[in-house]
Number of protein chains: 2
Amino acid sequence: MPAMRLNEFLPYRLAVVAEAVSHALAAVYGKRYALSRDEWRVLAQLAEVDEIKTTELGALTTLDKMQVSRALKRLEADGMVERRIDDSDRRNLRVRLAPPGRSLYRKVVPMAQARESFLLEALTEQERQTLVDLLDKLLAQARKLRDAG
Amino acid sequence: MPAMRLNEFLPYRLAVVAEAVSHALAAVYGKRYALSRDEWRVLAQLAEVDEIKTTELGALTTLDKMQVSRALKRLEADGMVERRIDDSDRRNLRVRLAPPGRSLYRKVVPMAQARESFLLEALTEQERQTLVDLLDKLLAQARKLRDAG
DNA sequence: TATTGTTATACTCTATAACTATA
DNA sequence: TATAGTTATAGAGTATAACAATA
């Protein structure tokens, strides 16, 4: 009777792999540096820019405005980021990494990269590129599905 | 200063894709059939076997014993599965799909497969196989990381 | 003592939406 | 009216561990 095999069902496989990888990473930024996944994403993204609007931050981290708001609140309370009102549109907040945030980032990144490197050791350079390409295609298709309902 | 780019960080990309795919799927089994992800996995796995021990079910669905216990409790309360004590070792429970569970399964699967098919349309047959292979390698490596700590 | 499975508990995440302030 | 961002709240998912029954 089995009309499908769970273990060959792509969404299942993808979820299992992503969960395992996510766990391996959270052991670094979470257990070791007490950052939530959202805070880690925000921190990592802020390190790549000088100053950025909160809305842009959401788009770049795939987080919604509520997740961004909460992550920033925690990071700001810990002195990791600074926010200031944008005088040209006082609804906007502009965010930037504060020195302690940069310092934290510089501590977390090498460990995160070490884990990523270990994971990537399982693949050749060619395979890594292929994987990223295939994941991209899949993401685009998944978003079509979401947009269609 | 950016020592890494979030958007090129494999764990991030993988999480984003998996989340999008997972959402697309949950729209079917969750919104439409009121099943949690764990219940859906258990249901799908049970459909592939006649009768199975709870512990085996956990291994096959990548769920821990607590998740399995709760998923089964709900499914049993709804009449979807039956459980009976294994007389050769009375600590074990043996689980099987009840007729309403089979019926539910037969309703959910075509819709789940339709979503999977749509996702897979983005890839050639060759690419699908490659993706599965690469994900497998990555999973094995991630598990090494977990086992090492 | 170890294992199967359940339950308790606390914690985190997620989703929806109401709300404030600006525009 | 519409947008940026915050807050409230309820529900779902997760992790740890205590527990009962059996081996």
Problem - Carboxylate-amine/guanidinium contact Asp38(A) Arg74(A), below 4.0 Å - result: no

Handout entry: Residues Arg96(B) and Asp50(B) bridged, charged N to O under 4.0 Å
Key = yes

Between [atom2] on [N] and [atom1] on [X], what's the gap in Å once rounded to a whole number?
X: Ile85(A); N: dA21(C); atom1: CD1; atom2: P; result: 12 Å
X: Glu56(B); N: dT3(C); atom1: CD; atom2: P; result: 17 Å
X: Tyr29(B); N: dG13(D); atom1: OH; atom2: C1'; result: 12 Å
X: Asp64(A); N: dT3(D); atom1: CG; atom2: C1'; result: 15 Å

Practice task
Measure distances between side-chain N and O atoms of Arg91(B) and base N and O atoms of dT3(C), and say whether any donor-acceptor pair falls under 3.5 Å.
Solution key: yes

Exercise for the section: Taking only the side-chain nitrogens and oxygens of Arg83(A), find out if one of them lies under 4.0 Å from OP1 or OP2 of dT6(D). Expected result: yes

Problem - Phosphate-side-chain proximity, Arg37(A) and dT14(D), N/O vs OP1/OP2 below 4.0 Å - result: no

Completion exercise
In short, Glu82(A) meets Ala98(A) closest at the heavy-atom pair OE2-CB, 3.8 Å

Of the options [options], whose atoms approach the side-chain atoms of [X] most closely?
X: Lys73(A); options: dT7(D), dG5(D), dG5(C); answer: dT7(D)
X: Thr54(A); options: dG5(D), dG5(C), dG13(D); answer: dG5(D)
X: Gln67(B); options: dT14(D), dT14(C), dT6(C); answer: dT14(D)
X: Ser69(B); options: dT7(C), dT4(C), dT14(C); answer: dT7(C)
X: Arg90(B); options: dT6(C), dT14(C), dT22(D); answer: dT22(D)
X: Leu93(A); options: dA8(D), dG5(D), dA23(D); answer: dG5(D)
X: Asp38(A); options: dT14(C), dT6(C), dT4(C); answer: dT14(C)
X: Met66(B); options: dG5(C), dG5(D), dA8(C); answer: dA8(C)
X: Arg70(A); options: dA23(C), dT9(D), dA2(C); answer: dT9(D)

Practice task
Could you tell me whether Asp89(A) contacts a base, only the sugar-phosphate backbone, or nothing, with contacts defined as non-hydrogen atoms closer than 4.0 Å?
Solution key: sugar-phosphate

Practice task
Describe the nucleic acid contact of Arg94(A) in one word from base, sugar-phosphate, nothing, applying a heavy-atom distance below 4.0 Å.
Solution key: nothing

Exercise for the section: Tell me, with the steps shown, if Asn92(B) and Thr54(B) meet side-chain contact (heavy atoms from CB on, under 4.5 Å). Expected result: CA-CA 7 Å; Asn92(B) 285 338; Thr54(B) 305; over 6 Å; no

Exercise for the section: Give a yes or no answer on whether the side chain of Gln113(B) reaches the backbone of Ala3(A) with a donor-acceptor pair at less than 3.5 Å. Expected result: yes

Exercise for the section: Take His23(A) and Thr55(A), find for each the nucleotide of DNA chain D with the closest heavy atom, and name the residue whose nucleotide sits nearer the 5' end. Expected result: Thr55(A)

